[in-house]
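To keep things clear, I will list the structure first and then write my remarks on it.
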There are 2 protein chains.
Amino acid sequence: MDLVRRTIERYVPLTDAEWSRIAPNWQEFAFTRGARICGIGQVEQRFYIVKSGVQRLSFPHDGNDLCIGFAYDGSWCGEFASFLSRKPARFEVTAVTDSALLGIQYDDLQQLYREMPIMERWGRLLVEELILGRAVREVEQLSLSAEERYDRLMARSPHLLQLVPQKDIASYLRMTPETFSRLRKRK
Amino acid sequence: MDLVRRTIERYVPLTDAEWSRIAPNWQEFAFTRGARICGIGQVEQRFYIVKSGVQRLSFPHDGNDLCIGFAYDGSWCGEFASFLSRKPARFEVTAVTDSALLGIQYDDLQQLYREMPIMERWGRLLVEELILGRAVREVEQLSLSAEERYDRLMARSPHLLQLVPQKDIASYLRMTPETFSRLRKRK
DNA sequence: AGTAGTTCTTGACCCACATCAAGCGTGATC
DNA sequence: GATCACGCTTGATGTGGGTCAAGAACTACT
């Protein structure tokens with residue numbers, strides 16, 4: 001649970017008093033491999049910090065899943081768009097491995113925002129960071145070839161190959177499992 | 001200038017007192033057609049609200065520009081990633097038509113965030129909205145064919161065709177000008 | 001251990017869209 | 001109103017990566 005405090009404090013400092021107001025709002029959730037953390041059509045109720053495990057963000061598209069991203073230790077997890085907008089999720093979140101997540105309920109977070117300007121700031125900085133990540137990924141998607149995207153991911157997150165099925169990585173890189181397999185062989 | 005107040009009040013209510021603190025931080029900027037609003041490599045100094053005109057967000061990629069998005073009346077404008085991170089811009093912002101923009105300086109905005117929790121909230125809600133827009137676009141990019149993307153854009157923003165060169169729209173839709181031209185003919 | 005359901009690999013083939021090239025507006029500049 | 005510079009169109013040709021298919025290697029379940 002201290003993980004939550006450390007994670008928040010990467011953005012804003014917290015006094016012990018502030019933390020003791022915040023802490024009770026966070027709860028631990030366990031998901032077994034393959035479990036659905038948020039399904040398409042439902043409204044995401046929580047925002048999570050990953051304590052352990054790997055999770056996948058994806059959406060189904062004629063037959064197979066298109067993979068949008070992964071979350072792991074220390075990163076955020078959840079269907080943010082649904083969480084923020086309170087609209088049905090377009091993406092689903094699945095536990096790729098057994099996972100322990102620390103989550104906060106939407107209403108509780110809004111209450112914290114209302115009571116504590118420091119939390120409002122945290123919320124802003126957090127979403128700003130998400131935007132920056134998206135911008136980087138957008139450039140890479142647009143300007144790199146299939147092979148370059150493969151190289152880039154393997155350079156940055158080689159561990160992913162051990163953690164999640166190749167077809168998911170392939171989909172994340174916007175290529176078919178066949179192409180991914182052929183690229184691996186070439187190296 | 002009242003446009004700024006109205007735009008902010010789409011997210012949070014402002015008292016006259018609050019507004020009179022905020023207003024002096026916003027300034028009007030004029031750009032003529034073709035002018036560079038933010039160049040690649042420089043740090044975006046301002047966050048803009050569009051008073052009039054159309055602007056383009058793009059980045060160069062072997063020879064031509066890859067177009068990421070457009071801004072027009074009432075929407076936000078600028079290289080947000082650079083503005084938020086204070087790092088050199090990866091994208092450039094160009095005036096497609098003569099443009100009048102209302103802008104606020106980075107430091108001034110941070111000062112407002114510090115002084116006024118209501119502005120901090122505005123900032124949070126604003127970036128949340130930007131993220132939601134990205135999610136929608138990401139789904140469309142991934143799940144629609146070139147022709148479907150064309151149809152979707154023509155249904156939603158037919159006016160764009162009158163405002164910006166076809167090659168930019170083509171690039172925004174991730175296709176060559178030739179493909180775009182052929183799609184138009186088919187309709 | 002045996003069966004069934006996945007995922008990964010490999011080969012053969014295909015196609016949507018890109019690339020290349022040439023001619024045609026159209027509007028800015030002198 | 002001639003010249004120049006782009007943007008748009010149209011046709012011919014090329015190709016990266018997708019699709020289809022079939023077998024091999026895992027994994028999970030009983």
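Remember, predicted model here, so these are calculated numbers, not experimental data.
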- Closest-nucleotide ordering on DNA chain C, the 5'-leading residue of B:Arg149 and B:Glu178: B:Arg149
- Message: Strictly below 4.0 Å: does B:Lys167 bring a side-chain N or O up to OP1 or OP2 of D:dT9?
- Response: no
- Query: So B:Tyr48 and B:Phe29, would you call those rings parallel, tilted or perpendicular, with 30° and 60° as cut-offs?
  - Reply: perpendicular
- Query: Can you tell me how far C1' of C:dA16 sits from OH of B:Tyr150, to the nearest Å?
  - Reply: 18 Å
- Task: Check every strand shown and say whether A:Arg33 touches a base, only sugar-phosphate, or nothing at a heavy-atom separation below 4.0 Å.
- Result: sugar-phosphate
- Note on the structure: In whole angstroms, the gap separating C1' of D:dG16 from CZ of B:Arg174 amounts to 18 Å
- Message: Tell me if the side-chain of A:Arg182 makes a donor-acceptor pair with the base of D:dG16, cut-off 3.5 Å, by modelled atom types.
- Response: no
- Calculate the interatomic distance between A:Ile169 atom CD1 and C:dT7 atom P; express it in whole Å. 13 Å
- Look at the side-chain N and O atoms of B:Arg184 and state whether any lies under 4.0 Å from the OP1 or OP2 oxygen of D:dC8. no
- Query: So how far is it from A:Arg86 CZ to A:Gln45 CD, rounded to the nearest 0.5 Å?
  - Reply: 5.0 Å
- Message: D:dG17, OP1 or OP2 - any side-chain N/O from A:Thr176 closer than 4.0 Å?
- Response: no
- Check the distance between C:dA18's P and B:Leu66's CG and give it to me in whole angstrom. 11 Å
- Task: To the nearest Å, give me how far apart CG (B:Leu144) and C1' (C:dC17) are.
- Result: 16 Å
- Message: Between the side chains of B:Arg10 and B:Glu129, is the shortest nitrogen-to-carboxylate-oxygen separation below 4.0 Å, so that they form an ion pair?
- Response: no
- Message: Is the positively charged end of B:Arg56 above the ring of B:Tyr172, judged by distance under 6.0 angstrom from the centroid and angle within 45° of the axis?
- Response: no
- Give the rounded distance in Å between these two atoms: CD of B:Gln162 and P of D:dG7. 18 Å
- A:Met175 has a side chain; which of D:dT10, D:dG18, C:dT9 sits nearest to it? D:dG18
- Item | Rounded distance in Å - CZ (B:Phe180) to C1' (D:dT9) | 13 Å
- Message: For a quick check of understanding: with a heavy-atom distance under 4.0 Å over all strands, which category does A:Pro165 fall into, base, sugar-phosphate or nothing?
- Response: sugar-phosphate
- Among D:dT9, C:dC8, D:dG17, which is the nearest nucleotide to the side chain of B:Ser181? D:dT9
- Message: In this structure, how many angstroms lie between the P atom of D:dC6 and the CD atom of B:Gln166, rounded?
- Response: 18 Å
- Aromatic plane relationship, A:Trp76 with A:Phe47 - under 30° parallel, 30 to 60° tilted, over 60° perpendicular: tilted
